[in-house]
Amino acid sequence: MQEHYEPKQIEPKWQQRWREAKLFRTEEDPSKPKCYVLEFFPYPSGDGLSVGHCRNYIPADTLARYMRMRGYNVLHPMGWDAFGQPAENEAINKGLHPKYTVPRYIANYKRQMNLIGLSYDWEREINSSTPEYYRWTQWWFLLLYKRGLAYRANALVNWCPSCKTVLANEEVEGGKCWRCATLVEKREMPQWFFKITEYADRLLYDLDALDWPEGIKQMQRHWIGRSEGVEFEMQIQGHPDLKFRVFTTRIDTVFGMTFAVLAPEHPLVDEITTPEHRHEINAYREAARRLDERTRLAAERERTGVFTGAYAINPVNGEPVPIYVADYVLMTYGTGAIMAVPAHDERDYDFALKYGLPIKVVIVPEGASPAPAAWQGGSGGEGIPPCYTGDGIMVNSGEFSGLPNREGMERLADWFEARGIGQRKVQYRLRDWLISRQRYWGAPIPIVYCEHCGEVPVPEEQLPVLLPDVEQYQPSGTGESPLARIPEFVNTSCPQCGQPARRETDTMGGFACSSWYFFRFCDPHNDKEPFSQEKVRYWMPVDYYVGGAEHAVMHLLYARFWTKVAYDAGISPVQEPFYRLRNQGMVLALTPYRPPREDEILSAGEIGILVRRDQLEQMSEAEREQLIWVWEKMSKSKYNVVTPDEIVERYSADTLRLYEMFVAPFDTAIQWEEQGVKGMHRFLNRLWRLMREVRACFLRDWREILTPETHARLDDASRQMRQRTHASLKKLHSDIPDFKFNTAVATLIEWLNDLEDYWRKANTGMCCADCMAVVSEAVECFIVALSPFAPHIADELWEAFGFEGFTLQQRFPDYDENLARAEMFEMVVQVNGKVRDKITVPADISREAMERLALASPRVQAHLQGKTPRKVIVVPGKLVNVVV
RNA sequence: GCCGGAGUGGCGGAACUGGUAGACGCGCCGGUCUCAAAAACCGGUCCGGGGGGACCCGGGUGUGGGUUCGAUUCCCACCUCCGGCACCA
């Protein structure tokens with residue numbers, strides 16, 4: 001055994017041995033329980049992994065290793081979400097085709113993952129950009145298509161002028177593109193959609209049974225946005241042939257309608273606008289269409305709108321109300337038209353105040369007077385009723401007046417349904433999933449357009465539709481994919497009639513690939529089908545799914561949707577793909593900003609000019625003092641990245657692993673500080689030194705020595721050491737599956753501290769064979785228990801102590817419940833709730849004895865000052881509180 | 001504005017179903033080794049006050065109130081920070 005801990009020798013050595021032994025290889029084994037541990041499908045970027053990315057992989061790896069050592073058959077695979085726009089954008093910038101860059105980046109990721117000792121079964125590696133994989137992504141498209149869940153439609157879509165492609169609703173964040181933050185525009189184009197809305201209810205209700213972070217479930221619920229209400233029809237005055245429908249969740253307020261609003265894009269606007277308003281309406285619609293997202297973002301909550309000159313008839317009382325066009329009504333939600341009730345809706349209220357429209361109160365809070373005199377003036381001023389959106393009693397509502405509004409809602413819904421002019425309806429915020437991308441680095445949509453047969457799906461046996469080589473990377477700008485400029489690709493024959501036909505040139509967005517990869521990992525090399533039923537039945541669902549919270553809606557919703565479709569088609573054994581979900585916290589790094597120079601101007605919200613690393617090194621002392629350091633998410637663009645490579649170089653992979661798990665709870669954001677890394681390195685050094693000392697006295701047969709009889713004659717310190725060993729194991733068994741890696745590592749450190757103390761004492765003087773057996777038990781258990789966290793040093797020590805094989809093949813040590821329990825405890829004695837004494841007593845002490853000992857304490861007597869206790873509270877195993 | 005989460009020493013954080021607040025690590029202070037420094041190791045370290053000292057007294061988990069023998073933990077109100085959504089009728 002080397003004198004010092006030399007990670008540079010032991011880490012590569014063990015990584016090589018693991019590889020040669022195919023240690024991480026997984027096969028189906030019906031005799032063992034399975035455990036599927038999966039991390040989010042990474043996109044292999046040219047920047048490689050940072051220690052920030054490792055925050056995900058390291059704890060997941062520790063969990064996977066632990067589960068293996070618990071006897072589970074663990075599936076822990078890794079692969080690459082290799083299609084996507086970053087690779088294309090890079091191709092444009094550097095002139096290198098993704099087919100060359102992507103494999104290089106993958107190789108680097110893999111090298112880094114191996115460097116930090118991740119236990120992936122590389123035989124199951126998959127790459128979504130290979131025909132072997134995307135063939136089956138296309139197969140999924142056809143599955144959805146056959147089930148009526150894929151359709152092409154002309155639609156007003158989100159267009160990113162920078163990416164030159166359309167975006168799904170989920171990919172638009174605050175009106176900007178999720179990738180490049182460019183303002184998104186609206187365009188009308190034919191596009192492919194998946195009918196995720198058909199699954200809205202199931203996607204909503206099935207969330208309840210999932211063991212996911214509550215926040216993520218909440219976000220999905222909100223994204224689906226189910227609401228119940230009534231959709232009804234309104235006549236337009238002077239147009240007996242025209243009517244429009246509105247949706248409301250507050251049918252109880254229908255008597256308070258004082259105007260109606262159509263979305264600017266509503267098809268009826270043209271027909272009903274009167275000549276004198278036409279000019280103004282057209283201008284408004286044009287502005288809304290063009291500057292849509294921009295103005296809506298800039299002009300906060302400012303309401304604007306224009307009168308059409310037309311009137312709608314309120315069906316409940318026959319009163320005409322003016323019809324406005326306003327952009328606060330969205331064409332994409334509900335019917336694109338609303339009844340406006342300013343007295344009971346904030347938005348309608350603001351609009352009515354601005355345009356001087358009447359405000360008619362139809363609900364009053366229970367016990368309140370409906371008289372105008374009672375109004376203290378809403379935000380509109382004296383004499384104007386405030387906007388009240390809560391529950392109450394209906395007034396001014398004809399035959400419904402006097403009813404509690406909740407009841408009125410039901411009666412009115414019945415009223416509309418009985419007359420056939422309206423019905424109860426459920427609305428969703430969720431829209432269908434737009435899948436088309438006008439890009440070449442994605443899976444081609446397997447559809448052919450034939451003059452005779454129309455839209456024809458490519459037959460399964462003709463898959464894959466191979467992606468051709470693209471020489472011109474640039475998007476066409478017309479909105480078409482670069483694939484459209486490759487005649488050999490576009491021109492084909494119709495699979496049905498054989499006549500000349502054209503291929504669809506759109507590809508599928510990247511989320512298609514990641515919506516089913518967890519199935520593929522179960523059977524990654526199947527070339528007959530996407531996956532075999534037998535294997536999927538064995539492995540699915542994913543038991544632990546680990547990744548960042550940024551995919552809360554997009555990926556996680558899409559993957560759930562595809563899984564449900566597969567379930568309905570009889571090819572998935574589960575309705576939900578991910579039983580447990582855990583989100584890791586971000587890794588923050590200090591990022592330097594400098595004050596702006598005279599010629600530089602900061603935009604709003606900026607605190608200074610970002611300083612690059614090379615610039616930082618050239619700065620003078622005076623300049624450095626001016627810097628403002630801010631904790632920000634580690635990223636290439638902030639020049640604050642720390643790589644695992646440099647940490648492994650300076651310390652070791654095991655150090656990095658321990659630090660990332662120890663520094664904070666798994667789901668908390670952490671601040672990257674190298675000082676803390678040093679602490680973990682010290683721990684490993686200390687471990688090494690102690691093991692070197694202990695090795696000579698190590699007794700392999702400690703199990704035979706430590707019989708119950710021997711245990712009974714051990715001294716206090718030895719029995720306590722055994723208790724510490726077993727209690728530590730117990731704690732590890734509960735912390736690891738619970739993702740409490742920080743306290744798990746703390747437990748290891750404490751255990752080692754105790755062992756060091758015990759060893760010091762046992763080694764000087766009181767040395768005996770029994771003591772060495774106690775040390776040996778602790779040492780052997782410690783090495784094996786350390787293995788999931790720091791596998792390299794664990795295997796090295798394992799070998800140094802003369803054991804064969806790998807720690808990963810050992811059973812994670814079980815603990816003895818009786819030994820884990822302390823024999824003595826420190827009984828706390830309080831007087832009036834304040835700690836006054838601590839007395840060490842046997843664990844099985846009686847309540848009476850506790851009370852007697854407590855009252856006998858001189859300290860307690862001193863605080864009692866002769867007074868007699870009014871009450872004595874005894875909590876067994878804990879404390880005694882004397883109340884005076 | 002709405003939804004979700006969190007406020008604990010100089011710092012990251014610990015504390016089971018209400019029961020010793022501050023585990024563990026960093027930093028800092030003192031020491032050992034060294035010509036010296038670094039590294040490494042050993043000891044100390046919530047704040048205030050008292051004592052030569054082992055110790056003793058008081059305060060303390062964002063703020064204010066409440067329940068309780070006892071509250072970081074439960075309840076009410078408020079403040080701050082982080083994440084998400086934002087005209088969804």
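This structure is a prediction, so every number in the text was calculated from the model and none was measured. Just so we're on the same page: letters track the sequence lines, and every chain starts at 1.
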_Under the side chain to side chain contact (heavy atoms under 4.5 Å, CB included) test against A/Met661, which residue among A/Phe741, A/Phe666, A/Phe739 passes?_
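One option only clears the test, and that one is A/Phe741.
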
*OP1 or OP2 of B/rC26 sitting under 4.0 Å from any side-chain N/O of A/Arg682?*
yes

*Distance below 4.0 Å between A/Arg686 side-chain N/O and B/rA39 OP1 or OP2*: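 Answer no for this pair, as no side-chain N or O of A/Arg686 is under 4.0 Å from OP1 or OP2.
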
*With distance as the sole criterion, do the side chain of A/Arg689 and the base of B/rC41 form a donor-acceptor contact below 3.5 Å?*
no

Whole angstrom value for the distance that separates [atom2] of [N] from [atom1] of [X]:
X: A/Ile670; N: B/rG12; atom1: CD1; atom2: C1'; result: 10 Å
X: A/Leu752; N: B/rA23; atom1: CG; atom2: P; result: 18 Å
X: A/Glu6; N: B/rA40; atom1: CD; atom2: C1'; result: 14 Å

*Taking the six-membered ring of A/Trp223, is the NZ or CZ of A/Arg429 close enough (under 6.0 Å from the centre) and on axis enough (within 45°)?*
yes

Quick one: label [X] by what it contacts on the DNA or RNA (base, sugar-phosphate, nothing), any heavy atom closer than 4.0 Å.
X: A/Pro665; answer: sugar-phosphate
X: A/His4; answer: nothing
X: A/Ser227; answer: sugar-phosphate
X: A/Arg870; answer: nothing
X: A/Val835; answer: sugar-phosphate
X: A/Asp667; answer: nothing
X: A/Asn742; answer: sugar-phosphate
X: A/Thr747; answer: nothing
X: A/Ile749; answer: sugar-phosphate
X: A/Arg431; answer: base

*A/Lys834 or A/Ile216: which one's nearest nucleotide on RNA chain B is closer to the 5' end?*
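Counting from the 5' end, the first nearest nucleotide belongs to A/Ile216.
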
*Tell me which of A/Ala664 and A/Glu826 sits closer to the 5' end of RNA chain B, going by the nucleotide each one is nearest to.*
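With A/Ala664 and A/Glu826 compared, the 5'-side residue is A/Ala664.
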
*To the side chain of A/Arg836, which of B/rU20, B/rC87, B/rC57 is closest?*
B/rC57

*Closest to side chain of A/Arg859, choosing from B/rG84, B/rC42, B/rC56*: B/rC56

*Under a cut-off of 3.5 Å for both distances of each Watson-Crick or G-U pair, what dot-bracket string does RNA chain B give, using [ ] for crossing pairs and | for inter-strand pairs?*
(((((((..(((......[....)))((((((.......))))))(((((....)))))..(((((..]....))))))))))))....

*Does anything in residues 876-884 of chain A reach RNA chain B, meaning a heavy atom under 4.0 Å, and if so which residues?*
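A/Lys878, A/Leu879, A/Asn881, A/Val883 - these, ordered by number, are the residues of the stretch whose heavy atoms sit under 4.0 Å from the strand.
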
